[in-house]
Amino acid sequence: MAAVIETRDVRKSFDAVQVLRGISFALARGETLVVMGGSGSGKTVLLRCLAGLIKPDAGSIRVLGQPIETLPEEALLPIRRHLGYVFQGAALFDSLSVHENVAFPLREHASLGEAEIRIRVVHLLSLVGLDETVLRLLPSELSGGMRKRVGIARALAMEPGVMLFDEPTAGLDPTNSKLVAELITQVGSGACDTAIVVTHDLELTRTVATRVAVLIEGRFAALGPRDDVLNSDDPAVQAFLAGEAR
Ligand SMILES: Nc1ncnc2c1ncn2[C@@H]1O[C@H](COP(=O)(O)OP(=O)(O)OP(=O)(O)O)[C@@H](O)[C@H]1O
Ligand SMILES: [Mg+2]
C-alpha cells in the first residue's frame with residue numbers, strides 16, 4: 001500500500017546552517033511515528049516541510065501520493081485539509097475566543113451555517129474533554145493544558161486523516177501530559193489513524209509510538225519499531241536517550 005507520507009533525502013538549510021541533512025522515511029496508515037531530538041535539532045522544521053509550510057532545498061516529499069514540494073500554494077490547500085497540525089505551544093489566536101479558534105478552519109474551508117458550526121465546535125471540544133463553559137473564554141484565560149487541548153480540537157476540525165503534533169506535552173504537568181497522551185492514542189482509534197508526534201518526552205514516546213526516529217545532526221540516527229530504537233545500542237542514540245531520561 002502507498003505510504004501516507006514519504007520523504008526522500010530531504011534537506012533544509014537556513015543561511016549557512018544545515019538543519020536537515022537527508023531525511024528519508026515512509027509512514028504507513030495506522031502508524032504513530034514519534035520523532036525525538038534535542039532542542040534546535042530541526043524537528044519543527046521537518047514538520048513544517050511535511051505540511052508544505054516551508055519548502056525543502058532538496059529531496060522529495062509525498063503526502064497522500066502528491067509531490068508537495070513541487071505544488072503551488074493553491075494545490076496544497078486540499079492536501080493540508082488531510083493534515084491536522086497541532087503547533088508547538090498550541091498557537092491559538094490570542095484575540096479570538098475558544099469558539100472562534102476551533103471554528104476557524106471550519107469557516108475557512110467549509111460552507112457551514114452558524115448553528116452547524118456551533119454543534120461541531122461543541123463536539124470537537126467534547127472529544128478533548130472540554131465542555132461549553134470554555135466557549136467564550138480567551139486563550140489567556142485558559143491553563144496550558146486547556147490551551148493544548150483547544151489546539152488539538154482545532155486541528156481535528158477538518159477531520160484529517162493524519163495528525164502532526166509538535167511537542168504536545170511540553171510545559172504540562174504529569175496529569176495533563178497523561179491526558180494529552182490519551183488523546184493522541186484515541187486519535188489513533190478514530191477516523192484519523194495516523195500521526196507524527198515530535199517530542200522530548202520519553203514517557204509520551206513509550207505510550208503512543210509504534211515507530212521512533214531520533215534526529216541527530218540533521219539525520220535520523222535511528223528509525224525503527226519503538227522498542228528497538230529505545231533499546232538501541234548505537235552510542236549516539238543511547239547518549240541522547242540517556243540525556244532525555246535525566
Ligand atoms: N525560519 C527560520 N529562519 C532561520 N533559521 C531557522 C528558521 N526556522 C528554524 N531555524 C533554525 O533551524 C534550527 C532548527 O529549528 P527547529 O525549530 O526545527 O528546532 P526544534 O528541534 O523544533 O527545537 P525545539 O525542541 O526547541 O522546538 C534552529 O537552529 C533554528 O534556529
Ligand atoms: Mg520545535
Side-chain angles (χ1 to χ4, degrees), residues 5 7-25 27 32-61 63 68-69 73 76 80 83-92 139 144-145 147-152 154-155 162-174 176-177 180-181 183-184 195-209 211-223 229-230 232 234 236-246:
I5 295 180
T7 74
R8 288 222 183 106
D9 203 25
V10 166
R11 293 164 187 269
K12 181 73 188 172
S13 298
F14 292 102
D15 303 321
V17 185
Q18 293 185 319
V19 178
L20 303 178
R21 302 172 177 218
I23 299 288
S24 304
F25 71 92
L27 183 74
T32 298
L33 173 69
V34 170
V35 178
M36 303 191 79
S39 188
S41 60
K43 303 180 300 296
T44 298
V45 168
L46 176 60
L47 282 190
R48 292 175 65 83
C49 286
L50 299 179
L53 299 173
I54 52 176
K55 296 225 183 268
D57 302 328
S60 65
I61 302 175
V63 175
I68 61 157
E69 82 286 356
E73 188 62 26
L76 281 174
R80 279 206 202 108
L83 302 174
Y85 197 145
V86 181
F87 294 94
Q88 192 161 5
L92 301 177
R147 276 200 289 274
K148 286 274 160 68
R149 284 191 266 163
V150 173
I152 295 172
R154 184 177 64 184
V162 183
M163 287 285 281
L164 307 174
F165 294 93
D166 197 349
E167 304 275 8
T169 58
L172 299 185
D173 61 29
N176 272 301
S177 293
V180 167
L183 284 173
I184 295 174
I196 298 181
V197 181
V198 155
T199 187
H200 295 267
D201 182 343
L202 258 178
E203 194 53 43
L204 178 68
T205 303
R206 288 197 186 96
T207 314
V208 304
R211 274 198 302 160
V212 175
V214 181
L215 182 58
I216 298 176
E217 292 179 356
R219 296 193 182 87
F220 284 161
L223 171 63
V229 172
L230 294 182
S232 165
D234 180 289
V237 175
Q238 266 188 355
F240 168 76
L241 292 173
E244 291 306 303
R246 269 202 309 269

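Counting starts at 1 for both ligands and their atoms, following the listed order.
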Closest protein heavy atom (residue, atom, distance) for [atom]:
{"atom": "atom 11 (C) of ligand 1", "answer": "F14 CD1, 3.9 Å"}
{"atom": "atom 15 (O) of ligand 1", "answer": "V45 CG2, 3.9 Å"}
{"atom": "atom 26 (O) of ligand 1", "answer": "S39 OG, 2.6 Å"}
{"atom": "atom 12 (O) of ligand 1", "answer": "V19 CG2, 3.3 Å"}
{"atom": "atom 17 (O) of ligand 1", "answer": "T44 CB, 3.6 Å"}

Ranking G40, G218, G37 by closest non-hydrogen atom to atom 23 (O) of ligand 1, top hit is G40
Heavy-atom distance to atom 21 (O) of ligand 1: which of Q88, H200, K43, R48 wins? K43
The criterion is side-chain hydrogen bond (donor to acceptor under 3.5 Å, both in side chains); which residues satisfy it with R211, sequence neighbours excluded? E31
Minimum side-chain heavy-atom gap Q18-S13 below 4.5 Å: yes
Find out whether I23 and L215 are in side-chain contact, i.e. whether some heavy atom of one side chain is under 4.5 Å from a heavy atom of the other. yes
Measuring to protein heavy atoms, does anything land under 4.0 Å from atom 1 (N) of ligand 1? yes
Flag atom 30 (C) of ligand 1 as yes if some protein heavy-atom distance to it falls below 4.0 Å, otherwise no. no
Determine whether any heavy atom of G38 lies closer than 4.0 Å to an atom of ligand 1. yes
Between R80 and E73, is there a side-chain N and carboxylate O pair less than 4.0 Å apart? yes
How close do A222 and V229 get, counting heavy atoms only, and between which atoms? CB-CG1, 3.9 Å
Residue pair K43 / V35: nearest heavy atoms and the distance that separates them: CD-O, 4.0 Å
Report yes or no: does [X] contribute a side-chain atom to a donor-acceptor pair with the main-chain N or O of [Y] at less than 3.5 Å?
{"X": "R11", "Y": "D57", "value": "no"}
{"X": "K148", "Y": "S177", "value": "no"}
{"X": "T7", "Y": "I61", "value": "no"}

Quick one: give me the number of protein N/O/S atoms under 2.8 Å from the Mg ion (ligand 2). 2
Any chance CZ of R8 has more than 12 other-residue heavy atoms, nucleotides or ligands included, within less than 6.0 Å? no
Counting only heavy atoms not in E217, do more than 12 sit closer than 6.0 Å to its CD atom? no
List ligand 1 atoms under 4.0 Å from E167, heavy atoms only on the residue side. 25 (O)
